[in-house]
Novice: 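I am attaching a structure below and will ask some questions about it afterwards.
Please read these numbers as outputs of a predicted model, since none were measured by experiment.
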Amino acid sequence: MRIYSLSFIIILFALGIEFDINAQVTITFPMEKAVFQRNQSNQAKIYIAGNFTSTINTVEARLKNASNDVVVIDWTIISFNPNNGVFSGSLSNVTGGWYKLEVRGKLNASVVGTATLNRVGVGEVFIIAGQSNAQGLEGDHGEVGASDERVVTHNEISWFDSGVNHCDLKFPNYPVLSQIVSSGSTRSYLSKTGFNPWAYGKLGDNLVSRLGVPVAFFNAAAFATSSQNWKESSDGLTTLSHYSGQPYCNTSGVPYNGLRKVLNYYASLFGVRAILWHQGESDNFAGISQSNYISNVNYVINKSRSHFGSNIPWVISKASVFDKNSNGGLGNANSGIINAQYNLANSSNQIFSGPSTDDLLGSNRIDEVHFYGPGLIELANRWNASLSTDFFNASNPIVAKPLPIVSVGCHSITELRLTAPSGYNAYKWVRTDTGNNDYEDVAEATTQIIDRSSGTYRCYLTDAQGNITFTQPVTVQNVANYCSCVGLTSCSGITYLSNSTPCFSSNGWGPIEMDKSNGESGLGDGSSIKIKGITYPKGIGTHANSEIVYHLNNNFGRFISDIGIDDEVSTATEGATVIFKVYKDNTLSYTSGILNKNSATVRVNIDVNNVNELKLAVEDGGDTFFADHADWAGARLHCVDNQAPTAPSSLVESNIGQNCVKLTWNASTDNMEVEKYNIYQDGNLIGSVNAPITTYQVTGLLQLNYYRFSVKAVDYSGNISSESNISEVVTLQNPLIAISKKIINIGQSTSLVAFGCSGGTINWSTGSTANPLVVSPSDTTIYSVTCTVGSCTSIVAKDTVKVIPNCKTSYILINNRDNYGGSGTNLTFSSSQTISATNIISTQANVTYKAAKSITLLPGFQSTSGTVFNAYIAGCVNNARIGSLFESQPADKLKLSPSIEKQD
């Protein structure tokens with residue numbers, strides 16, 4: 001088995017590479033002078049991609065102000081441990097501006113290579129639509145280019161294809177952006193249909209001067225068109241020219257087709273602020289009514305938004321002049337068209353009012369219709385005024401779509417596998433080293449994945465709306481050098497990765513450790529892998545940023561590992577935060593999110609059936625690289641597995657309580673490994689435990705209920721065993737409290753007994769576990785009790801022992817509430833004033849009333865046969881007996897004499 005290093009990687013991009021330090025890193029995206037649409041917070045994300053030819057483990061990027069080289073965003077890591085010669089990343093929250101982009105590749109602290117993009121911007125992107133006064137005319141019409149380099153376009157035109165004598169329906173070529181210029185015979189086209197700079201060079205200068213950010217324009221306008229032509233063609237229909245009566249441009253779907261392609265292409269790549277719509281002169285000529293103009297334009301707006309998939313803002317100019325009026329003078333305006341254009345503006349629907357131009361007449365127009373010279377300058381100024389601060393505050397721009405990244409891996413010893421991202425409706429690979437570079441060129445393939453032994457390839461991707469993005473070009477050469485690592489050629493049982501040599505590995509600190517942690521110094525001095533107190537005999541110890549690549553050769557079914565921060569850095573005061581990632585054939589399949597030293601262990605179980613290359617990566621969590629000791633604990637591979645485990649056996653219950661029970665069973669066996677056991681209650685899944693655990697505590701049960709429990713084993717491939725034997729359980733009754741005397745005098749005691757805790761432990765609120773429990777409270781007290789069986793505790797049972805105070809001002813003792821009976825009842829009621837009684841004393845109770853002023857036994861009071869009742873007129877302290885002792889007399893014959901009632 002051969003280990004390769006990045007110095008042998010041969011995935012090179014289709015750019016000339018000089019073998020010096022600067023050429024060892026190349027930027028392939030963005031392109032020079034690209035302008036990305038900023039959001040409402042004046043920010044954008046700039047996606048960056050490129051290639052490298054030497055061993056590196058980080059790629060960094062920074063932005064400088066293009067005019068003075070002041071650093072705006074300092075060196076920021078955009079890619080950790082890139083491989084296969086490809087890197088990609090982004091700079092976020094880039095504020096509006098014009099920048100120099102610098103990229104450098106580093107191996108640890110050493111800079112290996114650098115690359116520079118002289119100009120890239122975050123600003124405003126506009127798309128132009130409408131008729132000839134939006135498209136511009138061929139030739140010199142007094143237009144001026146932009147004086148500021150920050151006003152850019154794609155300088156090409158694909159308007160009319162003379163070879164087939166109809167309008168060009170192709171997508172634009174790969175964008176090469178440049179300043180809008182007009183000097184002598186040199187005039188910029190504005191792709192896709194713009195014949196010259198028209199008013200947009202000057203408008204761009206105005207906006208750049210006012211906003212301080214770069215501006216890009218792309219044109220989709222078409223001469224001699226009306227709103228009716230745009231509406232009909234948006235449905236793919238052939239529409240007739242109002243001037244010739246013939247099919248417009250000799251083809252169907254035009255002019256709208258051009259706008260859709262510009263949106264799908266440029267707006268997808270760079271984003272867009274708004275569509276600038278100048279359309280009305282031909283509607284005047286064709287006699288389009290006010291209501292029809294509104295209906296037509298609204299239809300086109302809605303179609304464009306549907307086709308692009310976003311609510312793109314529109315700005316509608318007010319224009320209708322097309323010819324001399326009936327008196328031979330200039331300015332045949334149409335108030336209905338103008339009113340329609342005013343009425344269309346509705347900022348809540350992201351439609352805004354543009355400039356009024358009908359009053360620009362005379363020398364401002366070359367042929368009574370089209371603007372010329374000073375008229376173009378004034379047109380630019382008026383567009384600038386319409387694109388006001390209020391417009392920018394109210395309009396919601398569309399930002400660029402993310403750059404799709406091609407992943408590269410080995411397909412065989414002679415072929416590399418290039419994989420475009422998933423989720424697109426269509427894929428088109430073009431081979432750029434044979435002269436193809438554009439979407440419309442001959443397709444090399446139309447699948448997401450291609451396997452190639454040589455050549456340079458770019459993939460164009462189309463989403464559900466027809467929006468197109470593209471990847472950077474990738475060159476394939478010297479495949480044998482890259483793919484010479486044979487890897488794991490067969491599967492038999494469980495394969496621990498630490499027993500196999502990876503095809504590639506890199507580590508943020510010291511070597512990758514097999515069956516050891518990364519160690520305190522990262523110099524191969526690691527101890528056993530240990531996460532959250534559990535020691536793993538097998539596994540891989542790493543340090544962020546790390547990467548390990550294994551060639552599986554499509555021989556395995558599952559990848560399994562526990563992941564986490566090793567316990568050896570559990571006391572680290574900083575760092576120790578990482579992100580684990582798993583790639584299958586260079587496509588990200590799993591990410592853990594940020595894990596730190598306090599995070600619970602995470603188990604990874606990933607399907608790797610038909611996977612050729614497995615890559616395990618660990619990235620820093622975003623703080624520092626300190627103590628980032630990351631373990632792939634027990635990292636192993638399983639074969640493709642369709643065999644279920646054996647059924648668990650000997651399921652038994654124990655520690656049955658009122659609301660829980662403990663289940664225990666014998667372990668299952670499997671041809672690979674049992675992953676977990678599923679527990680079922682009355683046929684319903686209620687939980688699971690990871691193997692090798694074979695016990696489960698069931699909770700949440702109800703008292704005195706009947707339950708049936710069973711267990712099934714599940715392996716790592718999801719195969720489920722048959723059911724274990726059934727365990728039948730009847731839960732205990734919740735505990736009850738019996739009290740020997742529920743009312744006592746201070747100093748007396750009573751006994752509490754808890755029932756319903758067979759085989760468990762009684763826990764009283766006093767902290768005692770005695771049963772019965774003797775208490776002598778000094779005040780009325782609520783006592784509670786629970787029953788604990790194993791680790792399960794019942795609900796709380798409560799009851800009250802009432803304590804009669806030593807000396808109360810008065811007592812009013814009433815029937816039912818204050819009846820006392822039982823041979824164990826021996827109570828004394830002492831009052832500093834009076835006692836009034838209608839209660840009943842029965843069943844050999846012994847009750848004494850003492851009051852300092854009076855005791856009144858009212859009708860209803862009874863002392864039944866066999867009871868002992870005493871009444872005393874006495875203070876709470878003095879106990880001089882004033883009444884008689886009555887024994888074994890019917891209560892209704894007991895009367896106190898008037899002399900007793902009247903005594904003080």
Side-chain angles (χ1 to χ4, degrees), residues 25-50 58-80 82 87-106 114-127 148-154 175 177-179 204 207-218 266-274 310 313 387 389 392-393 395-405 469-472 619 622:
V25 173
T26 306
I27 300 170
T28 60
F29 190 88
M31 64 286 293
E32 188 77 22
K33 288 187 167 61
V35 176
F36 296 96
Q37 177 62 52
R38 59 181 177 168
N39 62 20
Q40 285 296 70
S41 299
N42 188 35
Q43 294 178 337
K45 177 180 284 188
I46 295 181
Y47 296 94
I48 304 168
T58 57
V59 179
E60 299 177 336
R62 72 175 177 183
L63 292 175
K64 291 182 175 180
N65 187 304
S67 62
N68 56 22
D69 264 2
V70 172
V71 174
V72 177
I73 295 181
D74 210 347
W75 291 114
T76 302
I77 295 175
I78 63 170
S79 180
F80 290 114
F87 70 84
S88 63
S90 62
L91 291 175
S92 299
N93 304 320
V94 181
T95 57
W98 196 231
Y99 301 106
K100 178 188 292 185
L101 170 64
E102 296 180 343
V103 173
R104 68 185 184 187
K106 297 176 69 177
T114 63
T116 300
L117 195 66
N118 290 316
R119 297 292 185 266
V120 64
V122 171
E124 298 294 337
V125 180
F126 294 100
I127 291 173
D148 197 305
E149 68 168 350
R150 293 174 289 177
V151 182
V152 301
T153 189
H154 182 192
L177 303 174
S178 59
Q179 180 180 342
L207 291 171
V208 168
S209 176
R210 181 158 60 90
L211 303 176
V213 297
V215 177
F217 292 100
F218 303 101
Y266 295 116
S268 177
L269 294 175
F270 304 116
V272 61
R273 168 66 72 169
S310 297
L387 302 177
T389 300
F392 285 108
N393 288 337
S395 61
N396 298 321
I398 311 301
V399 299
K401 296 183 182 300
L403 176 70
I405 303 300
T469 53
F470 51 74
T471 68
Q472 70 271 43
E619 298 177 0

Novice: Taking the side chain as every heavy atom from C-beta outward, state whether I405 and Q472 have any atom pair closer than 4.5 Å.
Specialist: yes
Novice: Determine the interplanar angle of the F126 and F392 rings, folded into 0 to 90°, and report it as parallel if under 30°, tilted if 30 to 60°, perpendicular if over 60°.
Specialist: perpendicular
Novice: Any side-chain heavy atom of V122 within less than 4.5 Å of one from Q43?
Specialist: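 No. Closest side-chain heavy atoms not under 4.5 Å.
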Novice: With no hydrogens and no angle check, is any side-chain donor or acceptor of T76 less than 3.5 Å from a backbone partner on D74?
Specialist: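 It does hold such a pair.
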Novice: Going by heavy atoms in the side chains, are V35 and V215 under 4.5 Å from each other?
Specialist: no
Novice: Does the side chain of F87 reach to within under 4.5 Å of the side chain of V25, using non-hydrogen atoms?
Specialist: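 Yes, close enough: below the 4.5 Å cut-off.
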Novice: Does a side-chain N-to-carboxylate-O contact under 4.0 Å join R119 and E32?
Specialist: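 Salt bridge: no.
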Novice: Quick one: does Q40's side chain have a donor or acceptor within less than 3.5 Å of a partner on N393's backbone?
Specialist: yes
Novice: How about P214 and V152: do any of their side-chain heavy atoms sit closer than 4.5 Å?
Specialist: no
Novice: Does N118 form a side-chain contact (heavy atoms from CB on, under 4.5 Å) with K33? I'd like the steps, not just the answer.
Specialist: CA-CA 8 Å; N118 290 316; K33 288 187 167 61; over 6 Å; no
Novice: Mind checking whether F470 and F29 have parallel, tilted or perpendicular rings, split at 30° and 60°?
Specialist: perpendicular
Novice: Under 3.5 Å, is there a donor-acceptor pair between the side chain of S88 and the main chain of A49?
Specialist: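 Pair absent, no side-chain N/O of S88 close to backbone of A49.
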Novice: Can you list, pair by pair, the side-chain donor-acceptor contacts under 3.5 Å of residues 94-105, counting residues two or more places apart and other chains?
Specialist:
{"residue": "T95", "atom": "OG1", "partner": "Y99", "partner atom": "OH", "Å": "3.3"}
{"residue": "W98", "atom": "NE1", "partner": "E149", "partner atom": "OE2", "Å": "3.0"}
{"residue": "Y99", "atom": "OH", "partner": "T95", "partner atom": "O", "Å": "2.6"}
{"residue": "K100", "atom": "NZ", "partner": "D69", "partner atom": "OD1", "Å": "3.3"}
{"residue": "E102", "atom": "OE1", "partner": "R62", "partner atom": "NE", "Å": "2.6"}
{"residue": "E102", "atom": "OE1", "partner": "R62", "partner atom": "NH2", "Å": "2.9"}
{"residue": "R104", "atom": "NE", "partner": "E60", "partner atom": "OE1", "Å": "2.6"}
{"residue": "R104", "atom": "NH2", "partner": "E60", "partner atom": "OE1", "Å": "2.8"}

Novice: Hey, are the side chains of R38 and L211 touching, using non-hydrogen atoms and a 4.5 Å cut-off?
Specialist: yes
Novice: H154 vs Y266 aromatic rings, parallel, tilted or perpendicular, using cut-offs 30° and 60°?
Specialist: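 Rings of H154 and Y266: perpendicular, as their planes differ by over 60°.
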